[in-house]
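Read the structure below first, then the notes.
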Amino acid sequence: MPHTSIVLIFSAAVAVAAIVAKAFTTPKTRIHSSIHAVRTLLSPPDIPTPALLHARSIPNQCLVKALGISSTFVSDDTGIHDNFTREAKVLIGAVSAKEGWSRLVDIAEICVNRFLNAKSLDYATFVQSVTLSVVLAGLLDTDIEDLDPVDVAFVTKAINDRWAQSKSSTTPTTEVLDCINHHIMRWVPDQTNPLNLIIPAYETMWRVTAIAVVYSNRDSVLRDAFISYNENPTDDQFHTFANEGTRAQPSVEAIICEVLQLHPLTRHITHAVVVPWWKRPFVPSIDVADIEEAHKLPLFGNDPESFNPMRFHVSHAAPKRDQLYAFGHGKLKCIAASWAPPAAAVITAKIMARLDDIAFKLQEGPCIGKREGWEGWLIQGV
Ligand code: HEM
Ligand SMILES: *[C@@H]1O[C@H](CO)[C@@H](O)[C@H](O)[C@H]1NC(C)=O
């Protein structure tokens, strides 16, 4: 055989081997974006809780690396799951108890005023600082006086940076994490790993609030809804649709739901399944519930992409709150699904009350951000 054919056959064999190896090692991803598929993935009829916890914990391992999280989000232990969710429910339960709720309203007001401390403020930093302070003081009993604005801003930025780094392949040093924990342990001395509880609450709440403020700042009808809620932060007011002149005014609940529908903070919920190596080229080992896509489906009316809180009015057949998947679905659904919307509405209302274009105004940046992407957004003293 001529020398060149041997080389050719050899290279072909190497190429085939590489393709086969890749097929066995690359995880196969399957994306679920219909409501039915999302529901089935998140609440499979025949899969026990430990297996569900395991499927969730694998893609969340980056949280261990980035923030030292050791909660149920990164573990398949049902004991950890039961203890953690029980503790979290106790914390939010204490706030929703009648007296506790008005305490949260007062705390939100103090925090907003505390951080409106300059002529010009970076918008994301402001909302992050207010939200972290409300979570600390409202849920974990930190004394607001101990929350030095410079330290709070440092911690919010450090959490964001760690999060961004966790998506890249480089292993970040623990120095910044140690700094975060140094402050957190001072603020929450009685918990072993306070970030376990702070992260799920803070990371979601600041983003809902930031987006709710943006839409309400653009539309006087939405602004008025929050001003009414600010004056009367009750359950009733939270649910009330009013008639303002000729235009119907959505409830603040509908506005928050609409924020979560158009901007689901957890855009994807990823589950990994352990597949034996010989099946890997054929069976998906990563399942993604595409919440963002599922929310856009026609079920939600014929204008799924425009901001229209009135779609949550009873006069519309769909959607209802229970067709929102922003909090997940099934056994591992968010324990704060009923608590978080009014709490975010309280913070939003307190911010709207100060963004009156007389004392302060919001200067918009190029586009509405996600966890990142809020460059150019400012709060300015008028
Ligand atoms: C608008 C705000 C929030 C959103 C959009 C949100 C979203 C979510 C989602 C999508 C999940 C389920 C993920 C999965 O299927 O694995 C979840 C779980 C959870 N969330 Fe939230 N969350 C919010 C606020 C909060 C708050 C304020 C707290 C605590 C104070 C909290 C505590 C938890 C806990 C403990 C779980 C785990 C539940 C379990 O494993 O059984 N969340 N959240
Ligand atoms: C859960 O809490 C109970 C009672 O506080 C404790 O005995 C148990 O060790 C905890 N389990 C885990 C896995 O943390």
Side-chain angles (χ1 to χ4, degrees), residues 32 38-44 47 49-60 63 69-96 100 104 127 131-132 134-136 138-141 188 191-212 253 255-272 287-292 294-295 321 324-348 370-371:
H32 306 255
V38 165
R39 289 175 72 97
T40 315
L41 174 65
L42 297 182
S43 187
I47 297 196
T49 309
L52 272 180
L53 288 172
H54 186 70
R56 174 170 75 178
S57 70
I58 295 172
N60 277 347
L63 288 174
I69 298 297
S70 53
S71 72
T72 181
F73 288 103
V74 300
S75 154
D76 58 5
D77 185 318
T78 50
I80 291 183
H81 177 259
D82 296 350
N83 283 8
F84 184 75
T85 49
R86 181 167 10 90
E87 254 181 73
K89 282 180 196 163
V90 167
L91 288 180
I92 61 175
V95 176
S96 358
L104 188 80
V127 181
T131 309
L132 181 62
V134 171
V135 167
L136 287 168
L139 288 177
L140 296 163
D141 273 337
V188 191
Q191 297 254 348
T192 34
N193 186 357
L195 280 179
N196 278 347
L197 276 158
I198 292 169
I199 292 298
Y202 157 75
E203 261 297 319
T204 49
M205 296 289 283
W206 85 258
R207 291 190 289 144
V208 194
T209 304
I211 298 171
E253 177 184 32
I255 301 171
I256 299 289
C257 284
E258 183 67 351
V259 168
L260 289 170
Q261 202 226 297
L262 284 196
H263 305 265
L265 315 169
T266 311
R267 284 151 59 220
H268 303 125
I269 300 177
T270 306
H271 282 187
D287 278 307
V288 178
D290 190 338
I291 308 294
E292 192 172 40
H295 277 181
R321 272 186 59 174
L324 267 178
Y325 293 89
F327 293 103
H329 176 67
K331 281 187 199 151
L332 304 186
K333 183 176 173 173
C334 183
I335 52 112
S338 314
W339 184 88
V346 164
I347 307 176
T348 306
K370 297 192 162 83
R371 184 172 288 119

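Order of appearance sets the numbers: ligands from 1, and atoms from 1 within every ligand.
Interatomic distance, Ile269 CD1 to Asp287 CG, rounded to the nearest 0.5 Å: 12.5 Å. Between the CD1 atom in Ile211 and the CH2 atom in Trp206 there is a gap of 8.0 Å [rounded to 0.5 Å]. With rounding to the nearest 0.5 angstrom, the CD1 atom of Ile255 is 12.5 Å from the CG atom of Leu260.
Scanning the protein for heavy atoms near atom 39 (C) of ligand 1, the closest one is His81 NE2, 3.2 Å. The protein non-hydrogen atom at the shortest distance from atom 17 (C) of ligand 1 is Cys334 CB, 3.3 Å. If you check which protein heavy atom lies closest to atom 30 (C) of ligand 1, you get Ile92 CG2, 3.6 Å. The shortest contact between atom 12 (C) of ligand 1 and any protein heavy atom is with Leu332 O, 3.4 Å. If you check which protein heavy atom lies closest to atom 1 (C) of ligand 1, you get Val208 CG2, 3.4 Å. What sits closest to atom 37 (C) of ligand 1 on the protein, heavy atoms only, is Phe73 CZ, 3.6 Å. Protein heavy atom closest to atom 32 (C) of ligand 1, with residue, atom name and distance, is Ile335 CG1, 3.8 Å. If you check which protein heavy atom lies closest to atom 4 (C) of ligand 1, you get Phe327 CE2, 3.4 Å. Among all non-hydrogen protein atoms, the one lying nearest atom 3 (C) of ligand 2 is Asn83 ND2, 3.6 Å.
A 4.5 Å side-chain heavy-atom check between Lys331 and His81 finds every atom pair outside the cut-off. The closest side-chain heavy-atom distance from Arg207 to Thr131 is not below 4.5 Å. Side-chain atoms of Leu63 and Ser71, non-hydrogen and from C-beta on, never get closer than 4.5 Å to each other.
Closest heavy-atom approach to atom 7 (C) of ligand 1 within the set Ala326, Gly330, Gly328: this belongs to Ala326. Taking all heavy atoms of Leu140, Thr204, Leu139, Thr49 into account, the minimum distance to atom 2 (C) of ligand 1 is reached by Thr204.
Distances shorter than 4.0 angstrom do not occur between any heavy atom of Ala344 and any atom of ligand 1.
Contacts between Ala340 and ligand 1, counted as non-hydrogen atom pairs separated by less than 4.0 Å, involve the side chain only.
Taking a cut-off of under 4.0 Å to the non-hydrogen atoms of Thr85, the atoms of ligand 1 that pass are 38 (C), 39 (C), 41 (O). Residue Ile80 approaches ligand 2 through these ligand atoms, each under 4.0 Å from one of its heavy atoms: 13 (C). Listed by atom number, the atoms of ligand 1 under 4.0 Å from Ala336 heavy atoms are 25 (C), 26 (C), 27 (C), 28 (C), 31 (C), 42 (N). Using a 4.0 Å cut-off to heavy atoms of Lys333, the atoms of ligand 1 that qualify are 38 (C). Within the listing of ligand 1, atoms 27 (C) sit less than 4.0 angstrom from a heavy atom of Trp339.
Protein heavy atoms are found inside the 4.0 Å sphere centred on atom 14 (O) of ligand 2. Within a 4.0 Å radius of atom 9 (O) of ligand 2, the protein contributes no non-hydrogen atoms.
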Stepwise side chain to side chain contact (heavy atoms under 4.5 Å, CB included) test for Val134 and Leu104: CA-CA 8 Å; Val134 171; Leu104 188 80; 3.8 Å; yes
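No donor-acceptor pair under 3.5 Å is formed between the side chain of Ser43 and the backbone N or O of Arg39. Formation of a donor-acceptor pair under 3.5 Å by the Asn60 side chain with backbone atoms of Val74 is not found in this model. Judged by distance alone, with hydrogens and angles left aside, the side-chain atoms of Glu292 form no donor-acceptor pair with the main-chain N or O of Pro264 at under 3.5 Å.
Applying side-chain contact (heavy atoms from CB on, under 4.5 Å) to Leu324 and the options His329, Glu258, His295 leaves one that passes, His295.
Between Phe73 and Phe84, the two ring planes are perpendicular [angle over 60°; tilted spans 30° to 60°].
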